[in-house]
Amino acid sequence: RKHYGYEFKTKVSLEVIKGEKTIQELATLYSVHPRLIALWGEAALKNEPKLFERSQKDKEKEAAQCKEEELCKEIG
């Protein structure tokens, strides 16, 4: 079974999203099964809204840094 890296999957997924070529054309071009390319494209579209969303951990980390900075200002 062949494994594909995330960079390759991203490249092919972007091609699917662009829509300039059919999935069959992409399958031939990249030597990947069409169903697999379709799955990558679906996953990319499904997760697209989350790409630029900050996670809860990032928000908590930022809040902790702000609190630390405030405490340092009070001490200093």
Side-chain angles (χ1 to χ4, degrees):
R1 188 177 248 199
K2 188 169 182 178
H3 295 278
Y4 301 97
Y6 70 91
E7 291 174 349
F8 179 76
K9 290 179 183 179
T10 302
K11 178 181 175 181
V12 176
S13 297
L14 287 174
E15 292 285 332
V16 171
I17 293 169
K18 285 180 189 176
E20 294 174 357
K21 296 180 182 174
T22 65
I23 290 179
Q24 187 61 45
E25 289 173 329
L26 294 172
T28 302
L29 179 67
Y30 293 111
S31 301
V32 178
H33 194 276
R35 182 65 189 139
L36 195 53
I37 291 178
L39 288 173
W40 294 345
E42 290 171 10
L45 289 173
K46 178 182 173 187
N47 293 317
E48 184 181 22
K50 298 176 187 175
L51 289 176
F52 300 107
E53 187 177 280
R54 292 186 345 187
S55 69
Q56 185 64 28
K57 288 182 181 181
D58 290 340
K59 291 176 186 176
E60 290 172 2
K61 184 190 279 186
E62 188 176 299
Q65 287 176 343
C66 287
K67 184 167 182 131
E68 184 179 325
E69 288 174 7
E70 288 175 15
L71 291 173
C72 288
K73 284 179 185 178
E74 286 179 21
I75 293 172

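- What you find for Ala27 and His33 is that their closest heavy atoms are CB-C, 4.3 Å.
- A distance of 10.5 Å separates CD in Glu20 from CD in Glu25, rounded to the nearest 0.5 Å.
- By the criterion of side-chain heavy atoms lying less than 4.5 angstrom apart, applied directly or through intervening Ile, Leu, Val, Met, Phe, Trp or Tyr residues, Ile23 is not grouped with Ile17; the two fall into different hydrophobic clusters.
- With rounding to the nearest 0.5 angstrom, the OG atom of Ser13 is 12.0 Å from the NZ atom of Lys18.
- The cluster map of Ile, Leu, Val, Met, Phe, Trp and Tyr, joined by side-chain heavy atoms under 4.5 Å apart, puts Val12 and Tyr4 in the same cluster.
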(Q) Quick one, Val32 with Trp40, criterion side-chain contact (heavy atoms from CB on, under 4.5 Å). Give me CA distance, side-chain angles, the key distance, then yes/no. (A) CA-CA 11 Å; Val32 178; Trp40 294 345; 4.0 Å; yes
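- With values rounded to the nearest 0.5 angstrom, Tyr30 atom OH is found 14.0 Å from Leu36 atom CG.
- Put simply, NE2 on His3 and NZ on Lys9 are 9.0 Å apart, with the number rounded to the nearest 0.5 Å.
- Following chains of ILVMFWY side-chain contacts shorter than 4.5 Å, one can reach Phe8 starting from Ile37, so the two form part of one hydrophobic cluster.
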